[in-house]
Amino acid sequence: MSDSPARRPRSGRRLALVSLLFIPVPVVVWLLSESGVAGALLAGVQVAMSWTAGVLLFREAKRSAGVRRGVHVAAGVVLSLVGLAGVGAGILMAMIPKLGSLGMMGGAWGRPLRVKGRQVHPELKEGADWTAGARPDPAGLDGLTRSALEALWLHDAQKEHASVPAFSRISWLLAAVGAPAELLIGAHRAALEEIDHAQRCFALAAGYGGRSHTVETMPELLVGAMDLAGDPRVLLAVESLKDGCLLEDFNADMAGACAAVCQEPATRDVLERIAREERSHAEFSWEVLAWTLAQGGKRVRAAVAAAAAELALVARPTAVSAEKALLVAAADQAALRAHGRLGDAEWAACWEARLASTRARVGALLGEAPARRAA
């Protein structure tokens with residue numbers, strides 16, 4: 001008689017209790033992890049337990065009467081709602097890290113800095129130790145437009161600053177895999193140029209905003225920044241393709257296009273410098289890619305071919321980050337253009353052209369036939 005229906009409510013109640021106690025687990029895992037995936041999966045486990053317990057309690061309600069029946073129905077309803085809430089929580093846990101990355105996007109010129117797969121950059125505070133270079137003349141600009149230009153150049157300064165450790169990380173990886181001296185020289189040269197870019201971006205922001213900023217500490221660089229799981233040559237090759245060959249070539253495209261319409265001399269000079277040097281950083285990335293393909297054998301070649309097939313999935317940099325969209329929308333759009341800021345439609349068109357060019361070039365490097373590259 002141990003398996004009789006009389007004992008089934010106990011199973012439902014036990015599972016209900018476990019389900020309710022389990023609720024904090026996916027939340028804690030989500031908060032402690034770098035990705036929302038683990039939390040989302042655990043939220044799915046919680047959903048399954050809640051709904052299973054609810055079904056068991058509803059079934060028992062059919063066999064019960066009076067107060068007990070009402071208690072079972074109420075408990076089943078509550079657990080069903082908890083399960084529904086768990087679905088929503090799981091979706092949010094998976095999506096919030098992605099939404100956070102989208103919020104960081106926007107016009108910028110440097111190579112992305114990634115820590116455990118996430119793009120990071122320093123936060124800002126008052127200070128002038130990173131401000132160096134000519135300042136623009138903001139005469140004739142209204143307050144909203146000056147604020148927008150200050151915010152845009154501060155965003156670019158943050159990304160340029162982040163590019164410095166990004167290239168330092170590349171030089172470390174190159175040394176680890178025995179790369180030739182020319183590649184390490186290229187990585188360190190690029191890092192020095194990114195320091196110069198960051199200083200000039202901070203100077204432009206100070207000219208438009210009338211105040212100077214510097215960077216906060218970045219303790220996240222002290223743990224896990226190398227991301228060395230797997231073959232480092234594969235990591236170098238794939239990151240070089242996506243972050244260098246594609247993104248930095250695109251950065252050079254957009255900096256050049258912005259310089260072409262910019263009427264402010266100091267700002268135009270910075271844009272022209274960035275366009276020229278970001279192009280050289282892209283060429284450096286193509287050199288790293290070619291070397292890793294030559295040294296890494298089939299494993300690297302297969303990883304690069306897979307990454308090339310997924311280039312269309314790379315998130316496109318936008319003209320303005322989400323958090324600054326309202327500020328920029330309130331500015332004088334003609335004045336923004338005269339100071340070297342193009343609209344997002346022009347960024348999108350340039351991106352499609354750069355995607356096609358990058359696909360063709362990596363296809364040639366892999367030895368693919370033209371017809372296959374077109375497909």
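All values derive from a computational prediction rather than experimental measurement.
- Contacts of Glu248 classified as salt bridge (charged side-chain N to carboxylate O under 4.0 Å, His left out), with partners at least two apart in sequence or in another chain: Arg111.
- Screening residues 139-150 for side chain to side chain donor-acceptor pair (under 3.5 Å), with sequence neighbours left out, gives Asp142-Thr145, Glu150-Arg211.
- Other members of a hydrophobic cluster containing Ile185 are absent, since no ILVMFWY side chain comes under 4.5 Å of it, directly or through relayed contacts.
- With sequence neighbours excluded, the residues forming a side-chain hydrogen bond (donor to acceptor under 3.5 Å, both in side chains) with Thr214 are Asp129, listed by chain and number.
- Hydrophobic cluster membership of Val164, counting Ile, Leu, Val, Met, Phe, Trp and Tyr whose side-chain heavy atoms lie under 4.5 Å apart directly or via other members: Leu124, Trp130, Leu154, Leu192, Ile195, Phe202, Val215.
- Remark: Ala338 pairs with Gln263 by the side-chain contact (heavy atoms from CB on, under 4.5 Å) rule, at least two apart or across chains.
- Distance check, rounded to the nearest 0.5 Å: CD of Glu287 to OG of Ser280 gives 9.5 Å.
- Applying the side-chain contact (heavy atoms from CB on, under 4.5 Å) rule to Ser168 yields no partners; only residues at least two apart in sequence or on another chain are considered.
- Identified under the salt bridge (charged side-chain N to carboxylate O under 4.0 Å, His left out) test for residues 178-188, with sequence neighbours left out: none.
- Residues satisfying the side-chain hydrogen bond (donor to acceptor under 3.5 Å, both in side chains) test with Arg354, not counting sequence neighbours, are Asp249, Asp253, Ser357.
- Judged as a side-chain hydrogen bond (donor to acceptor under 3.5 Å, both in side chains), and not counting sequence neighbours, Asp332 has no contacts.
- Looking at every heavy atom in both residues, Leu311 comes nearest to Leu355 through O-CD2, 3.6 Å.
- Figure legend: cation-pi geometry between Arg341 and Trp153, with NZ or CZ positioned under 6.0 Å from the six-membered ring centre and within 45° of its axis.
- Sorted pairs that involve residues 288-315 and meet side chain to side chain donor-acceptor pair (under 3.5 Å), not counting sequence neighbours, are lacking altogether.
- At least one donor-acceptor pair under 3.5 Å links the side chain of Thr318 to the backbone N or O of Val320.
- Salt bridge Asp344/Arg316: present, at least one basic N to carboxylate O contact under 4.0 Å.
- Partners of Glu283 according to the salt bridge (charged side-chain N to carboxylate O under 4.0 Å, His left out) rule, which considers only residues two or more places apart in sequence or in another chain, are Arg361.
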